[in-house]
Asker: 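Once you've had a glance at the structure underneath, I'll fire off some questions.
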Amino acid sequence: MKNFNVKNLSGMIDQMIQWVKSDNGVVTLLVAIATVALWLALGGDGDMIYASAAVVAGTAGGTHVTDGPLTTSVAEEVAPGLLRSEIDNRITKIRPMATPVDQITRCSGSRAAGSMTVQYYSVDTKETETELAKATEGSSDNSPLTLTVAKENMFEASETILVPSITASNGQPLVLYVVSRTQPKTVNVISVNNLDTSSVAVVPAMAKGTKLIRMGRAAGELDVQTTSFEAVPTKADNYCQIFKAQIEQSTLMKLANKEVGWTFSDQEEVAIYDMRLGMEKNFLFGTKAKVNDPTKGEVYLTGGIWNQAGRDHELPFEMKEDDLVSMCYKAFTKNNGSTRKILLAGSKLVEKINQMNFSRLVNAQERVTKWGIDFNEIVSKFGSLYVLPCETFDQCGHECHGLILDPEYVTKYCHIPFQTEKLDLRTSGQRNTDAIVITEASCMVLRYPETHVRVKWRTEAEEAALKAAEEEQ
């Protein structure tokens, strides 16, 4: 029976008439009539495609192909998007442990960029902690006392301040109420819970450097308004870098007998792996710039996320468990980030962590698999760190360093998604080869820099130099 390729009843009838006039005879006519009957029984909606197969609707909205093979054309027609490019499907499976940053962002999904220059905004929370810039002798009555603080515009009228290092008369930490702010660094406060012998609320004496913590506002019964609060995001940008790899194989090489099954696809996989290794280095330690190539013109270079991280933490040479706890404290507090983060580290830092003895306070025995990568998990009371030795750190001279990333705030932008293009060098008269070129134009940004921390473990020489400097002071 000849192939159906019709989308409506009238077309099917016309084809039946042509068959009857041909030499197919009565059998073909009967089969065609049966097919029309089946089409009508299925609803006759005019959208059914027959190409050497019958497509039948399922009971729950599915689609079934009968009376013929399932071909790519039928699959694309009844299930658009089902078939994916082989290169897209394979790329996240090619040695994911070697390129963790690229791997994580590919699994999480990237954002499309309409330009080679990516501009984005990030915003954090208002600071909650400062200290006294000048000592105060305290107040003798309940009139407001002026305090000078280290950070400008830290406090507003009607806010409350906690002074955890000073105990008030009621046995609790001292709490102050902000009556007004006179200058960017001066505020007038009264005591909330500290009374003198005459039961008068007074502010006690406080030394320079006393920690002050901003708490919530306290409005009066008749208050309708309060000091306004706005957050203005910070604008930043990065450049997408065009990454390319080209694979060629001559016709004779393709036809030659080989001792092993080394094919063009094998070459393609090696090229993708090498390309991803190079991209990983740029994504981590690249410098944002535009350079002028004498032959190509302007070339964009992307900036790495190592330089985008907003915080730093140093670990001593003789690292102990307490130092690891301090690192977790720095990574998980005062930034409103996730409770699960990733530590990508050089080999020497990972070696030092493995040499440590852990108690019940910190657990470093668990293994976790996410994004196709096997991590060792460090569990602390502050949060969990997924630790992974990253060979890119060693290759770029960062054996003693690490980068704590919050995966929720790592974004990859793609101006040109990862794709392959076949080059016809034979027809153009250049070379008698099969060739493809792999291209991606992309960059990586940290949308909330304060949730990411650069970790630097001091070497023995750096530790000795630091101690010598402290002794001289």
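Note: hydrogens, waters and symmetry copies are ignored here, and every other heavy atom, side chains too, is used.
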Asker: Fit a plane to each ring of F317 and W457, take the angle between them on a 0 to 90° scale, and name the class: parallel (under 30°), tilted (30 to 60°) or perpendicular (over 60°).
Answerer: parallel
Asker: Does NZ or CZ of K341 fall inside the cone over F332's six-membered ring, less than 6.0 Å from its centre and within 45° of the axis?
Answerer: yes
Asker: Per the side chain to side chain contact (heavy atoms under 4.5 Å, CB included) rule, which among T411, T117, N238, N282 passes with C443?
Answerer: N238
Asker: Would you call R340 and D406 a salt bridge, taking side-chain N to carboxylate O under 4.0 Å as the test?
Answerer: no
Asker: Would you please test I247 and V437 for side chain to side chain contact (heavy atoms under 4.5 Å, CB included) and show each step?
Answerer: CA-CA 6 Å; I247 305 101; V437 62; over 6 Å; no
Asker: Between atom CG of L162 and atom CZ of R214, what is the distance when rounded to the nearest 0.5 Å?
Answerer: 13.0 Å
Asker: Counting only N and O atoms by type, is there a donor-acceptor contact under 3.5 Å from the side chain of E280 to the main-chain atoms of V101?
Answerer: yes
Asker: Only one of V445, L344, L405 clears side chain to side chain contact (heavy atoms under 4.5 Å, CB included) with I305; which?
Answerer: L405
Asker: If you count the non-hydrogen atoms of other residues, nucleotides and ligands that lie under 6.0 Å from CD1 in I242, is the total more than 12?
Answerer: no
Asker: Parallel, tilted or perpendicular: which describes the rings of F382 and Y329, with under 30° parallel and over 60° perpendicular?
Answerer: perpendicular
Asker: Should M279 and E440 be marked as a side chain to side chain contact (heavy atoms under 4.5 Å, CB included) after you check the CA-CA gap, both sets of side-chain angles, and the distance that decides it?
Answerer: CA-CA 10 Å; M279 294 170 67; E440 178 177 294; 3.0 Å; yes
Asker: Look at the rings of H398 and F285 and say which category their plane angle falls in: under 30° parallel, 30 to 60° tilted, over 60° perpendicular.
Answerer: parallel
Asker: Examine the side chains of S384 and E377 and answer whether a donor and an acceptor come within less than 3.5 Å of each other.
Answerer: yes
Asker: Just how far is it from atom CG of D237 to atom OH of Y239, taken to the nearest 0.5 Å?
Answerer: 6.0 Å
Asker: Between Q241 (side chain only) and S442 (backbone N and O only), is there a donor and an acceptor less than 3.5 Å apart?
Answerer: no
Asker: The test is ring-ring contact (aromatic ring centres under 6.0 Å, His included); show your working for F243 and F418 and say whether it passes.
Answerer: CA-CA 9 Å; F243 302 95; F418 200 95; 9.8 Å; no
Asker: Looking only at the side chains, is there a donor atom on one of K244 and T439 sitting less than 3.5 Å from an acceptor on the other?
Answerer: yes
Asker: If you measure from the Lys or Arg side-chain nitrogens to the Asp or Glu carboxylate oxygens, is any gap between E314 and K456 under 4.0 Å?
Answerer: no
Asker: So which heavy atom on P100 is nearest to which on I373, and how close?
Answerer: CA-CD1, 3.7 Å
Asker: Let me see the working for E156 and R181 under salt bridge (charged side-chain N to carboxylate O under 4.0 Å, His left out), right down to the final yes or no.
Answerer: CA-CA 6 Å; E156 299 287 349; R181 189 183 72 195; 2.8 Å; yes
Asker: Nearest 0.5 angstrom please: I378 CD1 to C328 SG, how far?
Answerer: 6.5 Å
Asker: Check side chain to side chain donor-acceptor pair (under 3.5 Å) between D322 and all other residues, then give those that pass, not counting sequence neighbours.
Answerer: none
